[in-house]
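Order of the sequence lines fixes the chain letters, A, B, ..., with proteins taken first and strands second; residue numbering starts at 1 for each chain. The shown structure was predicted, so the numbers you read here are calculated from the model rather than taken from an experiment.
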There are 2 protein chains.
Amino acid sequence: MARVTQQDIAKVMGVSVMTVSNAFNRPDQLSPDLRTRVLERAAKMGYTGPDAVARQLRSGRTNTFAVAFEEKLSYAFSDPFSVAWLAAFSEVMEESRASIMLLSVPAGDHEALAAVQDAAVDGIAGLCGNQPAMIRARERGMPTVYCTLATRADADGKGDYVVIDDHAAALEMAGLLRRLGHRRVFLLVETLYPGQPRMAEYRPEEFRDLVDAHAGSLFSDDLRLSGLVGGLQGLDVTVVPVGTNSRAAGHAAGTLVLDRKDRPTAVVAVSDVMALGFMDALRQRDLVPGVDVSVAGFDGLPEAAEAGLTTIRQPVRDKGRLAAELLLDPERKDRRIILPHELIVRRSTRPVA
Amino acid sequence: MARVTQQDIAKVMGVSVMTVSNAFNRPDQLSPDLRTRVLERAAKMGYTGPDAVARQLRSGRTNTFAVAFEEKLSYAFSDPFSVAWLAAFSEVMEESRASIMLLSVPAGDHEALAAVQDAAVDGIAGLCGNQPAMIRARERGMPTVYCTLATRADADGKGDYVVIDDHAAALEMAGLLRRLGHRRVFLLVETLYPGQPRMAEYRPEEFRDLVDAHAGSLFSDDLRLSGLVGGLQGLDVTVVPVGTNSRAAGHAAGTLVLDRKDRPTAVVAVSDVMALGFMDALRQRDLVPGVDVSVAGFDGLPEAAEAGLTTIRQPVRDKGRLAAELLLDPERKDRRIILPHELIVRRSTRPVA
DNA sequence: CTTGTTCTCTGTAACGATAAAGAACATCAT
DNA sequence: ATGATGTTCTTTATCGTTACAGAGAACAAG
């Protein structure tokens, strides 16, 4: 009941293994008659076609590409940005008839890192470049592409990328708030470092030390945050790590911040998802975004447009598409791509009263 | 600059290849001292650890499982049912440290079928059992699990499954409509067969012939539809294939049906997504679900609860979870699981005026 | 001084396939 | 008849790893 191989067929038919192999892969290398007989015999013997793994070993290619996530995969399917990116990425892969493998390598999960080692893929893409999976993949000498620069330094490191200039974008956002006259601003980020207490509040002087103290850890929003902080210098700025990049976390930040006397006049989240959650909290209190508190996000999701949320639009689909193209075509020249972004001002940001 | 292998290291160090292999996989098989030296030397030579593909070939296992979709992958990420299923499936896989491969094998795309042949996986799961990818996988002798029975006959075929009794569920739904006194009912399905003209209207006598004429084609909602038709016998029933399983298609069906004189008193879609789309069309016309037209769906999505939509709840997450467990544990006994469903009556279905 | 056991390490043979080159024979033009 | 050209099939050599069986030394127990 063992598996039938080309060798078995060859032996039974009294032909060489190569002939059997050619019958399946290179019809021009043997007579149509023999080919038919081989295929028939193979079918009769219960041979189900060339083994994928063996073929991959011999050819040195798997035609499969991995996507690494820092979170559980259920997050990858629920975050709008992630889904849009994945959709664009997969469309290109589908067209090229390449397969996609999903890897989940949560920060700090050392065992999960082995998945990168054991992945039979030709390359790997990830949303963030400094995540452990990406680093490991590069150590393995595997082609990598990532779509967010976490720090300036990343730009000089290894690996290809498709990103936007998050720092410049953040500066523009800060400029907008300045022009609108805001003086007391809260900035919502996911986490400053792994194990970060949620909903703590930091002054700009403090948070930088914290991040540096955990250097090498993952802080993917560093460019956005430091851009905002830099651009808002001189104003009353508070940084709040809300724990996760989710609507719920943004909402929780709202409950934390909105019920006190000294409300901020503006709140910027480093993602639209968080900003939308914060707006949920406003709505609950019958406060109006832009009127009572100005709110802004990053990413440019369709949901942000519906909600009238000021944001930085980034070309998500292009990021996904180009990431796939870079992986598929190792010969391609420009392998470090900086895409344009756009500050989109909507009704959620207004001049301070 | 060729790739470094265990053999290279062995040669350079004057030890056997097995020793190198053992240094990486079975530390107890060699002295700690030698092991350290091997690892150091390996690192120095730029060896990046055992090759995944070679290891898979040797061991006969890939620890990877495929999920096959009949649509483009972007659909898999956008349909709520699909996403929920995938999330549950992936959670189990993550816990077991198995990887997931996504395959897209659209109906009729013969080239894409090759992906199933070339997938280096230990098993494959799919939402529907009679899709080409599943059939091909079973021909390859690969373990399969699917989560929807398309026809009664599927139940006797090969492969494991985790399903609900869609036919019985549909009968219950039909019974509800009967009790509520509905006499003119429209049934929305995705498509009856590939290439099906959209928004055609069929009588129950007709559609069965159509489906049979395209026997062997994919019609995954057959059990639901035939249950509904059977349960509504004697009433004025019309079957409408709306083209795709999407909110937009349900909405389009609404524009088709709602602006005529002889409106149906009730509409049942074989999925919540379509039903929700239909309700969008109602709302646009200031018609009230349940009052002007009764509406019902299938699946039991959270969105359905919010919208007050009567539906058949099915345990999506259990389907995903169990599918993964069946793939992971080939020894497990019960491999054909029928989960309970539940008719949930909400305000979208009321007695006919 | 056996005999047995443990600890390290080695050699060989797969796993299932394909690339590359070659052999045998037929065909064809000169 | 000669060489050139094809067609069809075979031989040999990997791809990078691990399973398995054993060999040699050291050490304890009888």
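The distance between atom CD of Gln6(B) and atom P of dT10(C), rounded to the nearest whole Å, is 14 Å. Between the C1' atom of dA21(D) and the CG atom of Asn22(B) lies a distance of 14 Å, rounded to the nearest Å. Atom-to-atom, CG of Asp28(B) to C1' of dC7(C) comes out at 11 Å; the value is rounded to the nearest Å. Following rounding to the nearest Å, Leu30(A) (CG) and dT7(D) (C1') show an atom-to-atom distance of 11 Å. The CG atom of Asp51(B) sits 18 Å away from the P atom of dT14(D) (whole-angstrom rounding). The separation between Phe24(A) atom CZ and dG16(C) atom C1' is 13 Å, rounded to whole Å. If you take CD1 of Ile9(A) and C1' of dG16(C), they are 11 Å apart, rounded to a whole angstrom. Rounded to a whole Å, the CD atom of Gln7(B) is 15 Å from the P atom of dA13(D).
Each of Ala52(B) and Gln29(B) was matched to the nucleotide of DNA chain D holding its nearest heavy atom; the match closer to the 5' end belongs to Ala52(B).
A close approach under 4.0 Å does occur between a side-chain nitrogen or oxygen of Ser21(B) and OP1 or OP2 of dT18(D). Side-chain N/O atoms of Arg55(A) include none lying less than 4.0 angstrom from OP1 or OP2 on dA17(C). Here Ser59(B) does not reach the OP1 or OP2 of dT18(D): none of its side-chain N or O atoms lies under 4.0 Å away. The shortest distance between the side-chain N/O atoms of Arg26(A) and the OP1/OP2 oxygens of dA19(C) is below 4.0 Å.
A salt bridge between Glu111(A) and Arg97(B) is present, with a side-chain N of the basic residue lying under 4.0 Å from a carboxylate O of the acidic one. The existence of a salt bridge linking Glu40(B) and Arg37(B) is excluded, since no basic side-chain nitrogen approaches an acidic carboxylate oxygen closer than 4.0 Å. Salt bridge Arg321(B)/Asp318(B): present, at least one basic N to carboxylate O contact under 4.0 Å. Of the charged side-chain nitrogens involved, none lies within less than 4.0 Å of a carboxylate oxygen, so that Asp51(A) and Arg55(A) do not count as a salt-bridged pair.
Here dA19(C) is the nucleotide among dA19(C), dT17(D), dG16(C) with the atom lying nearest to any side-chain atom of Met18(A). Considering only the side chain of Ser31(B), dC9(C) comes nearest among dC9(C), dT11(D), dA17(C). Side-chain proximity of Asn25(B) to dT18(C), dT18(D), dT8(C): nearest is dT18(D). When distances are taken from the side chain of Ser16(B) to each of dG16(C), dG11(C), dT10(D), the shortest belongs to dG11(C). Closest contact between the side chain of Thr19(B) and the listed nucleotides dC9(C), dT18(D), dG16(C) involves dC9(C).
On a pure distance criterion of 3.5 Å, a polar donor-acceptor pair joins the side chain of Arg58(B) and the base of dA14(C).
Between Tyr146(B) and Tyr161(B), the ring planes lie tilted relative to each other; the angle falls in the 30° to 60° range.
Among the heavy atoms of the strands, none lies under 4.0 Å from Gln56(B). Among the protein residues, Val15(B) comes within range of the sugar-phosphate backbone only, with heavy atoms under 4.0 Å from sugar or phosphate atoms but none that close to a base.
Counting only distance, with no hydrogens or angles, the side chain of Glu94(B) and the backbone of Ala112(A) share no donor-acceptor pair below 3.5 Å.
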